[in-house]
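To start, the structure under review is shown below, and the notes come after it.
Fair warning: this is a prediction, and the values are worked out from it, not measured in the lab. Basis for what follows: all heavy atoms, side chains included, without hydrogens, waters or symmetry-related copies.
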Amino acid sequence: MASSDCKGSDRIKRMLGKYGLTDFQKRVLLFVCTIPKGKTMSYKEVAVAIGHPNSYRAVGTALKENPLPILIPCHRVIRADGKLGEYSNGGTDAKRRILKEEGYIGKPAA
DNA sequence: TCTGCGGCGTGAG
DNA sequence: ACTCACGCCGCAG
């Protein structure tokens with residue numbers, strides 16, 4: 001079951017609606033919430049997945065405004081270059097550390 | 001190979 | 001109502 005990663009994405013939906021977020025935000029956060037452990041996706045990939053292939057920039061902004069950093073693994077979202085990018089919940093070092101813990105080996109820092 | 005710029009969506013000034 | 005900045009990406013020079 002895919003819900004193993006995010007114990008009840010439906011619950012997330014409810015919370016997002018309560019936070020008064022926009023559809024764009026909800027789609028991004030919800031999609032990121034469904035990313036399996038040990039896997040990473042680029043902002044571009046997420047943008048395309050939600051139907052906004054050119055709004056990768058807005059995707060980053062959406063994750064930045066992430067109201068549920070615990071339920072939503074925004075750290076699994078990295079740049080298209082393979083770099084980690086920024087992380088408002090601890091910094092790039094924390095992001096890389098978490099990914100490493102999940103089994104993802106970040107590319108050699110450039 | 002590296003640098004600079006435009007563009008998407010949202011929040012704040 | 002308008003402008004600017006941001007956890008980015010792709011392209012042109």
(Q) Of the options C/dC9, B/dC8, B/dT10, whose atoms approach the side-chain atoms of A/S55 most closely? (A) B/dC8
Q.
Could you tell me how far C/dG7 sits from B/dC2 if I compare only their C1' atoms? Round to whole Å.
A. 23 Å
Q.
Say we look at B/dG6 and C/dT3: how far apart would their P atoms be, to the nearest angstrom?
A. 15 Å
Q: From the options C/dG7, C/dC8, C/dG10, select the nucleotide whose nearest atom is closest to the side chain of A/R79.
A: C/dC8
**Q.** Separation between the C1' atoms of C/dC9 and B/dG11, rounded to whole Å
**A.** 22 Å
Q) A/E65 has a side chain; which of C/dG7, B/dG11, B/dC8 sits nearest to it? A) B/dG11
Q | Gap in Å between the two C1' atoms, one belonging to C/dC4 and one to B/dC5, rounded | A | 16 Å
Q: Ignoring the backbone of A/Y56, work out which of C/dC9, B/dT10, B/dG9 is nearest its side chain.
A: C/dC9
Q: From the options B/dG9, C/dG7, C/dC8, select the nucleotide whose nearest atom is closest to the side chain of A/T61.
A: B/dG9
Q.
Can you tell me which nucleotide in C/dC9, B/dG9, C/dC6 comes closest to the side chain of A/F24?
A. B/dG9
**Q.** A/K13 side chain vs A/L30 backbone, donor-acceptor pair below 3.5 Å
**A.** no
Q. If you take atom types as modelled and just measure distance, does the side chain of A/R57 reach the base of C/dC6 with a donor-acceptor pair under 3.5 Å?
A. yes
